[in-house]
Amino acid sequence: MERTYKVYSITNGTVIDHIPTPQALSVVRILGLGNEGILTIGIGFSSKRLPGGKDIVKVENRELSRDETDMIALIAPEATINIIKGGVVAEKRRISLPDSVKGVVACPNPNCASNVLGAESKFDRVGGQDPIYRCHFCERTTRIVPELLVRTRGR
Amino acid sequence: MGSFKGRSIISLRDMSASDLVQIVETAGRVKRGEVGGFLAGRTVAVMFFEPSTRTRLSFESAVLHSGGSIFGFASSDSSSQSKGESFADTVRTVMGYCDALVIRHPVEGAARLASELSTVPVINAGDGANQHPTQTFLDLFTMHEAVGRLEGLHVGLLGDLRYGRTVHSLAMAMSMFGSRLTLVSPPSLRMPEQFKAELSNSGIPFREVQQPEEAGTDMDFLYVTRIQRERFVDPQEYEAVAHCYRVTAETVSNLGGKVKIMHPLPRVDEIAEEVDGLPNALYFKQAHNGIPVRQALLGLITGGLD
Ligand SMILES: [Zn+2]
């Protein structure tokens, strides 16, 4: 029997669906969300598209920009975005890897100026399908993985 | 030709082939004495957060030879860093005293950060294992001086290709001039995949071998580097590769006799002293070329030369 989702539907805001389990909390972290209104997080729903299960994040009363949602591609490229307005889907959005990433990801090089000298981290995309980025400071390339996310977004 | 005035020199990644040619040509004008005194009335600050006597003296000599003034510190003990001043504040303070900043720092990306804080141009004189662009400029100048061109050369890089930033930068520069590279190292010190991928992406043919003689007899330059003890965590691993190369007069003749031998110095035992007297030996000339190349660069970025 089909199980009813125990995630409230929202009237206005952004629904991030098809996040591979258990990346929902990383998605919340990469978006720097937490203190800006109601956030509903569902983890471990079954999914036809994602055999390992999917997570859903609903952000109420906030329409995330394309720059924001593209950040999700770093850790959950399969995710899909629905912008909800007045209870209906106003926009279905695909995400793609951002050209540059500022502040959200820590450089894995312990001898990097972004870790030692207080510079805000910055990465530029190297190219290809994978999330491979070059550090603006130490110039090393790195694959961005959830473990490299910093706790809060520098803003 | 683009203008260098006000531009910071941080990484080979920021440079185009025409930038490199402009630096090499300007250094040639300086060395031939066609221009001089172009730093008169200009002041250069050298901030060395880790000691490097050779590099510092080379910059100091370059400034003095061009009629400029110079001040600074030679290690972080003598700076206000030891009083806990932040790197950013030191840069913001010193930039008000000078027309250009030369920075050496053990942290990778320090010079890049400084260039983003500073209103005067910054030259990276080495940032940890990352970049040391002026070394590459003087290498290119020395090659150009020896054979009259930079395009289409067959260059061998020998020694520590894994940790050696000098060879990484040189490989990056050579890839802008359609070179062919032979990478000579023990298997444990091969060039990292990241750099090899960059060579492949720029369409540069390269071959990895363990002995220089495997490169054939048409090599234009053999660039020899020291295997540095301080790079190794495990002393046994260092000992296993420490003395595996020694370029001798016989090596030179096996490589066809026309090959020019280069080395960023200091050497330990990678090049036999018998090579010093051969016309193939370029390494002392290479070290001396650091002066006109750094003069040219300082002239270009401060607007004293164009
Ligand atoms: Zn870094």
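Here is the naming used below: chain letters follow the sequence lines, and residue numbers restart at 1 for every chain.
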(message) Just checking B/Leu265: does its CG atom have more than 12 heavy atoms from other residues, nucleotides or ligands closer to it than 6.0 angstrom?
(response) yes

(request) State whether the number of non-hydrogen atoms from other residues, nucleotides or ligands found under 6.0 Å of A/Arg94 atom CZ is greater than 12. (result)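 Incorrect, the count does not exceed 12.
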
(request) Examine distances only and state if a side-chain atom of B/Asp127 and a backbone atom of A/Cys138 form a donor-acceptor pair shorter than 3.5 Å. (result)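 Not confirmed, B/Asp127 side chain does not pair with A/Cys138 backbone.
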
(request) Return the minimal non-hydrogen interatomic distance between A/Phe137 and B/Asn130, and the atom names on each side. (result)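 A/Phe137 and B/Asn130 have their closest heavy atoms at O-ND2, 3.7 Å.
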
(message) Please find the pair of heavy atoms, one from A/Ala119 and one from B/Leu113, that lie closest to each other, and give the distance.
(response)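 Where A/Ala119 meets B/Leu113 most closely, the heavy atoms are CB-CD1, 3.7 Å.
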
Would you please name every residue forming a ring pair (Phe, Tyr, Trp, His ring centres under 6.0 Å) with [X], sequence neighbours left out?
X	value
B/Phe195	B/His168
B/Phe71	none
B/His132	none

(message) Between A/Val126, A/Ile132, A/Val116, A/Thr141, who has the most heavy-atom pairs with chain B when the cutoff is under 4.5 Å?
(response) A/Thr141

(message) Is B/Pro106 close to chain A through its backbone or its side chain, or both, or neither, when contacts mean heavy atoms under 4.5 Å?
(response)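 The backbone, not the side chain.
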
(request) Against chain A, label B/Glu193 side chain, backbone, both or neither, depending on which of its atoms sit under 4.5 Å from a heavy atom there. (result)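 Interface part for B/Glu193: neither.
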
(request) Using heavy atoms and a sub-4.5 Å threshold, report which of residues 169-178 of chain B line up against chain A, by residue number. (result) none

(request) Decide yes or no for B/His105 and A/Leu117: does some side-chain heavy atom of the first lie under 4.5 Å from some side-chain heavy atom of the second? (result) yes

(request) Give, as side chain, backbone, both or neither, the part of A/Asn115 having an atom under 4.5 angstrom from any heavy atom of chain B. (result)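 For A/Asn115, no heavy atom lies under 4.5 Å from chain B.
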
(request) Measure distances from A/Arg134 to the heavy atoms of chain B and classify the residue's part below 4.5 Å as side chain, backbone, both or neither. (result)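 Contact with chain B involves the side chain of A/Arg134 alone.
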
(message) Run the side chain to side chain contact (heavy atoms under 4.5 Å, CB included) test on B/Glu108 and A/Glu139 for me, step by step, so that the C-alpha distance in whole Å, both residues' side-chain angles and the decisive distance to 0.1 Å come before the verdict.
(response) CA-CA 8 Å; B/Glu108 288 139 31; A/Glu139 304 186 14; over 6 Å; no

